[in-house]
Amino acid sequence: RGEFQLIVEHMEESGEGALLRLMQELKTRLVAEGLFDAALKRALPPVPRRIGVITSPTGAAIRDVLSVIARRFPLVEIEILPVPVQGREAAPAIVAMLSAASTARRHDVLLLTRGGGSLEDLWSFNDEALARAIRASTIPVVSAVGHEIDFTIADFVADLRAATPSAAAELLVPDILAIGNALRHQAHRLDQALRRRLISANQTFDHIVGRLRTQHPRSRLRLGRERLDQLRARLLRQRPSNAMQRRNDHLLRLRRHLTTCMTKTLQRRTGKVDELRRALNAVSPLATLPLSASS
């Protein structure tokens, strides 16, 4: 019955433990430098025309990406930028490809992706030089490395992290069916708006044409002539009777005045004649000399 005693001065997980510690130390240092700041994240183009996929040309990730994009938005151009995604040569190759794509500016967005694996398999994406190359890229970078539970330094520094390559493809391109439905809806709304505008414009045009017609010199002259005819007819109906009545009244007053004047004049003259006759009779020889019977 032997006895065994073990005094532990340091303990760590075997295998991945050392890698996790290195990854955490690098993450802490890059966080302090601000490489993960949200303010540095660039917006993705809503409808990219060309996507550069930095990945292994023979892996399952590129097949998933191509399948999803072909279903969702086949109009986009996909350019595969082949690199190794595992091993010692992977990180330098990915850094060189990122630098070349950033300089060429042929793509609207870059997708850095590979399938799942162990921490050792994904270790190339925890490289410090790769993290700085992603941040220095002039083109937005999407990282989709491994599965949902896998996180790498590339995921933290990239402009957008996707859980899987298929999820990254979903995020990169819009759904062409949804776009078609939206376009049809907008076309219907535009058609309705144009119809309403056309109806309103026609009504305004008719109103303006009507006003122009009424204000046209020929129309105004015709209306003026009609108004003049109406006034003339009204004058003919009203003025003659009034004028005739006034004229008759005037003539009647004048006749009465003349009759009165003539009567008075006749009376004066009759009285004068009577006076003259009496005076003549008074001095008449017939009144002063007696006439004999023989004479």
Side-chain angles (χ1 to χ4, degrees), residues 38-53 64-80 101-102 104-111 113 137-144 158-245:
L40 300 177
K41 307 293 184 181
R42 292 159 294 196
L44 303 184
V47 184
R49 293 175 297 177
R50 182 182 294 117
I51 300 175
V53 183
D64 294 341
V65 170
L66 293 176
S67 175
V68 172
I69 290 180
R71 171 177 53 83
R72 283 180 61 84
F73 197 74
L75 301 178
V76 69
E77 180 181 349
I78 303 297
E79 186 173 351
I80 300 174
S102 177
R105 294 178 177 267
R106 285 175 40 81
H107 311 91
D108 298 317
V109 63
L110 297 173
L111 172 60
T113 185
S137 173
T138 60
I139 303 173
V141 178
V142 176
S143 176
D159 297 293
L160 180 66
R161 185 254 177 183
T164 63
S166 298
E170 296 272 351
L171 296 173
L172 281 171
V173 295
D175 186 359
I176 195 170
L177 296 179
I179 291 177
N181 292 333
L183 288 176
R184 283 188 290 271
H185 177 67
Q186 293 296 331
H188 177 70
R189 292 185 58 189
L190 180 61
D191 180 69
Q192 294 297 321
L194 288 176
R195 289 178 182 274
R196 289 193 296 268
R197 291 285 298 273
L198 184 60
I199 293 173
S200 176
N202 287 333
Q203 293 175 349
T204 303
F205 177 76
D206 293 339
H207 177 67
I208 293 174
V209 169
R211 291 187 59 188
L212 286 176
R213 288 176 177 173
T214 58
Q215 297 300 322
H216 193 276
R218 186 181 298 107
S219 299
R220 297 186 66 179
L221 185 60
R222 177 177 54 80
L223 293 175
R225 187 180 295 110
E226 292 177 355
R227 179 62 176 169
L228 182 61
D229 293 340
Q230 293 174 359
L231 293 175
R232 182 180 293 111
R234 183 178 176 184
L235 184 61
L236 292 175
R237 289 193 304 269
Q238 297 180 0
R239 285 193 61 183
S241 58
N242 295 335
M244 185 65 70
Q245 184 65 36

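The first residue in the sequence is number 1, and the count goes up from there. Just so you know, these numbers come straight off a predicted model, no measurement behind them.
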Item to check | Which atom of Asp108 lies closest to which atom of Pro140, heavy atoms considered | outcome: O-CD, 3.7 Å
Checklist entry - Quick one: salt bridge (charged side-chain N to carboxylate O under 4.0 Å, His left out) pairs with a partner in residues 162-181, sequence neighbours left out? => result Arg71-Glu170, Arg72-Glu170
Item to check | Shortest non-hydrogen contact from Ser102 toward Ile139 | outcome: CA-CD1, 4.2 Å
Next on the checklist: Suppose we screen for side chain to side chain donor-acceptor pair (under 3.5 Å). Which residues come up paired with Thr113, at least two apart in sequence or across chains?
Outcome noted: none
Item to check | Lys41 to Ala158 - nearest heavy-atom pair and separation | outcome: NZ-O, 2.6 Å
Next on the checklist: Is there a side chain to side chain contact (heavy atoms under 4.5 Å, CB included) between Leu75 and Ile176? Walk through the geometry before answering.
Outcome noted: CA-CA 9 Å; Leu75 301 178; Ile176 195 170; 4.2 Å; yes
Next on the checklist: Which residues pass the side-chain contact (heavy atoms from CB on, under 4.5 Å) test with Ile78, not counting sequence neighbours?
Outcome noted: Ile51, Val53, Leu66, Ile69, Val76
Next on the checklist: Applying salt bridge (charged side-chain N to carboxylate O under 4.0 Å, His left out) as the test, list every pair that has at least one member in residues 186-204; sequence neighbours left out.
Outcome noted: Asp191-Arg195
Checklist outcome for this item: For Leu183, the side-chain contact (heavy atoms from CB on, under 4.5 Å) test, sequence neighbours excluded, returns Ile179
Item to check | Residue list, side chain to side chain donor-acceptor pair (under 3.5 Å) with Asn181, at least two apart or on another chain | outcome: Arg184
Item to check | Neighbour count above 12 (heavy atom, 6.0 Å) for Arg49 CZ | outcome: no
Next on the checklist: Is any side-chain heavy atom of Phe73 closer than 4.5 Å to one of Leu172?
Outcome noted: no
Checklist entry - With sequence neighbours left out, what residues match Ile199 under side-chain contact (heavy atoms from CB on, under 4.5 Å)? => result Gln203
Next on the checklist: Using the side chain to side chain donor-acceptor pair (under 3.5 Å) criterion, which residues pair with Thr204? Sequence neighbours excluded.
Outcome noted: none
Next on the checklist: Contact between Val142 and Leu44 at the side-chain level, heavy atoms closer than 4.5 Å - yes or no?
Outcome noted: yes
Checklist entry - Ser137: what forms a side chain to side chain donor-acceptor pair (under 3.5 Å) with it, not counting sequence neighbours? => result none
Next on the checklist: Quick check for you: to the nearest 0.5 Å, what is the distance between Leu110 atom CG and Glu79 atom CD?
Outcome noted: 10.0 Å
Item to check | Sole candidate of Val68, Leu171, Val65 that passes side chain to side chain contact (heavy atoms under 4.5 Å, CB included) when paired with Ser166 | outcome: Val68
Next on the checklist: Among residues at least two apart in sequence or on other chains, which ones pass salt bridge (Lys or Arg N to Asp or Glu O under 4.0 Å) with Asp64?
Outcome noted: none
Checklist outcome for this item: Closest heavy-atom pair, Ala168 versus Ala144, reported as atoms and distance to 0.1 Å, is CB-CB, 3.6 Å
Item to check | Any residue meeting side-chain contact (heavy atoms from CB on, under 4.5 Å) with Leu190, in chain and number order, not counting sequence neighbours | outcome: Leu194
Item to check | Atom of Pro46, atom of Pro174 and distance for their closest heavy-atom approach | outcome: O-CD, 3.7 Å
Item to check | Spatial distance of atom CZ (Arg50) from atom CZ (Arg106) [nearest 0.5 Å] | outcome: 4.5 Å
